[in-house]
2 protein chains.
Amino acid sequence: MKRDSRLSGVLHVLLHMAQQPGPFTSETLAKAMDTNPVVIRRIMAGLREIGYVRSEKGHGGGWTIACDLSKVTLRDVYAALGNPPLLAMGNRTEAPGCLVEQAVNAALDQAFDDAEALLLARLGEVTLAMLGEDLRKRLGSRKIHDISAHRA
Amino acid sequence: MKRDSRLSGVLHVLLHMAQQPGPFTSETLAKAMDTNPVVIRRIMAGLREIGYVRSEKGHGGGWTIACDLSKVTLRDVYAALGNPPLLAMGNRTEAPGCLVEQAVNAALDQAFDDAEALLLARLGEVTLAMLGEDLRKRLGSRKIHDISAHRA
DNA sequence: GTTTCATGTAACTTTATATGTTACATGATG
DNA sequence: CATCATGTAACATATAAAGTTACATGAAAC
């Protein structure tokens, strides 16, 4: 399976947007992310439906943040993406008749469920505002990061 | 990404083998797992290299368990598979020049690393012998499970 | 009102990876 | 030496993310 980087991608976009006033076109964001505008629209669609961002057509259109960054956690963003699978591993058969496989599944599920729960909990502890704060520290004395000066 | 079920599969095989004296041919095991003999050989190769199982060619050949089941954990088995990726999600870019992406990676990595560590720890707590014990409970009064009577 | 800009979305291609299959070489047993 | 079983390469299939193309829809500028 290819590694899913949509959460990473959409957070990157949001954090960029939070650094300067919008709106931002998909094309601008795509260039900053070194990808395609359609990919941007795709990963942003879920966030728009929930109302974390807004999109406008036509001249002066583009994407705008429409939520309180201190209230939205990484877990919320993950949920907006449609809760894609977290683990790369799973059981061969989900409801096996074989008792041997049931025993294996039981052991693995316990470990898998624990890990998933911890991951979601950790994501739930971090808000977008906290990400922004961390970014500001990294920027240090530098000027506000201009999206047009982006280097991957 | 397709979900990786090799750990699940190889544990199923090992637990079956632990129920009756061997050796077992790849074909027998493949039938029990409803898959192909080559797949069995593939997932067993790593275990053979570490010495958890042995394989013999020719008449009367096949696979045999060659380790102390109470000493080998699920984590050991996982390692024998070559430590395949545990998480289905990852960072877009691993060493980005963009500070925004660095901030995102830092936050995600913390969550990802914690979850991976917990998963590995949990797998490390369970030995193959413990799996066998759990299976015995599930079998209850029933006779020893005969691999030839296997149903997926 | 027509041109331009920007999103929305379907359809297709590409890429990565697990899994399934075929074919054949290697080596052990009877 | 015929048969059985593993070892492995090569190829095929399945699934899902990511990238791309094409075009419809709607808003703003002129």
Side-chain angles (χ1 to χ4, degrees), chain A residues 1-10 12-13 17 22-49 53-64 66 78 81-94 152, chain B residues 1-10 12-13 17 22-49 53-64 66 78 81-94 152:
Chain A
M1 178 198 319
K2 214 176 196 171
R3 211 87 170 258
D4 183 347
S5 66
R6 278 175 294 181
L7 180 57
S8 170
V10 76
H12 189 176
V13 168
M17 291 174 63
F24 304 84
T25 67
S26 300
E27 205 184 332
T28 303
L29 296 171
K31 271 187 189 132
M33 307 271 299
D34 200 43
T35 181
N36 194 290
V38 177
V39 174
I40 301 291
R41 298 193 189 112
R42 203 141 62 190
I43 64 180
M44 297 287 275
L47 276 75
R48 181 186 55 226
E49 277 163 34
V53 297
R54 235 184 13 240
S55 63
E56 306 282 354
K57 290 179 177 176
H59 279 279
W63 298 89
T64 323
Y78 163 74
L81 293 177
N83 296 299
L86 293 172
L87 299 184
M89 311 191 53
N91 292 321
R92 245 170 38 89
T93 307
E94 224 34 75
Chain B
M1 167 198 334
K2 214 176 197 171
R3 210 89 169 256
D4 183 346
S5 66
R6 278 174 294 182
L7 179 58
S8 170
V10 75
H12 190 177
V13 167
M17 290 174 64
F24 303 85
T25 68
S26 300
E27 203 183 337
T28 303
L29 296 171
K31 271 187 189 135
M33 307 270 299
D34 200 42
T35 182
N36 193 291
V38 176
V39 173
I40 301 292
R41 295 192 191 114
R42 202 140 58 187
I43 63 180
M44 297 286 276
L47 278 77
R48 180 188 55 227
E49 275 163 34
V53 297
R54 236 184 11 240
S55 64
E56 304 283 354
K57 290 178 177 177
H59 281 277
W63 298 89
T64 323
Y78 163 75
L81 292 176
N83 298 298
L86 292 173
L87 299 183
M89 312 190 52
N91 293 323
R92 244 170 40 88
T93 307
E94 224 36 75

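Below, read A as the first sequence line, B as the second, and so on, with proteins coming before strands; counting in each chain starts at 1. Note that this is a predicted model, so its numbers are computed, not measured.
Rounding to whole angstrom units, CG of residue A/L81 and P of D/dA17 are separated by 11 Å. In this structure, the CZ atom of A/R6 is 17 Å from the P atom of C/dA16, given to the nearest Å. Atom pair A/L29:CG and D/dG19:P shows a separation of 14 Å (rounding to whole Å applied). Between A/N91 atom CG and C/dA18 atom P there is a gap of 17 Å when expressed in whole angstrom units. Counting to the nearest Å, the C1' atom of D/dT6 and the CG atom of B/N36 are 13 Å from each other. Atom CZ of B/R3 is separated from atom P of D/dA16 by 10 Å (rounded to the nearest Å). Rounded to whole Å, the distance from CD on B/E49 to P on D/dG7 is 10 Å. Going from atom CD1 of B/I40 over to atom P of D/dG7 covers 13 Å, rounded to whole Å.
Of the possible polar contacts, one joining the B/R3 side chain to the A/L87 backbone as a donor-acceptor pair under 3.5 Å is found. In terms of modelled atom types and a separation under 3.5 Å, the side chain of A/R92 and the main chain of B/H12 share no donor-acceptor contact. In this structure a side-chain-to-backbone donor-acceptor pair under 3.5 Å is missing from B/S5 to B/S8.
A donor-acceptor contact under 3.5 Å links the side chain of A/R42 to the base of D/dG19.
Using a 4.0 Å cut-off, some side-chain N or O of A/S55 falls inside it from OP1 or OP2 of C/dG8. Applying the 4.0 Å criterion to OP1 and OP2 of D/dA18, one finds that A/S5 has a side-chain N or O inside that range. Put simply, A/T35 has a side-chain N or O that comes within less than 4.0 Å of OP1 or OP2 on D/dG19. OP1 or OP2 of D/dA5 has not a single side-chain nitrogen or oxygen of B/T25 nearer than 4.0 Å.
Listed by chain and number, the residues in a salt bridge (Lys or Arg N to Asp or Glu O under 4.0 Å) with B/R48 amount to none (sequence neighbours excluded). Applying the side-chain contact (heavy atoms from CB on, under 4.5 Å) criterion to A/E56, with sequence neighbours excluded, gives A/R54. Taking the salt bridge (Lys or Arg N to Asp or Glu O under 4.0 Å) definition, one finds that A/R42 meets it with nothing, sequence neighbours left out. For B/E49, there are no salt bridge (Lys or Arg N to Asp or Glu O under 4.0 Å) partners, not counting sequence neighbours. Among residues two or more places apart in sequence or in another chain, the side-chain hydrogen bond (donor to acceptor under 3.5 Å, both in side chains) test is passed with A/S26 by A/R41, A/W63. Remark: A/R6 pairs with A/D4 by the salt bridge (Lys or Arg N to Asp or Glu O under 4.0 Å) rule, at least two apart or across chains.
Residue contacts for B/R48: at a heavy-atom cut-off of 4.0 Å it reaches the sugar-phosphate backbone alone, with no base atom in range.
One end of the helix from C/dG1-D/dC30 to C/dG30-D/dC1 points its axis 10° away from the other end's axis, with each axis taken from 5 pairs and the angle rounded to 10°.
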Nucleotides 22-30 of chain D: protein proximity per nucleotide (B base, S sugar-phosphate only, - neither; heavy atom, under 4.0 Å): ---BBBBS-
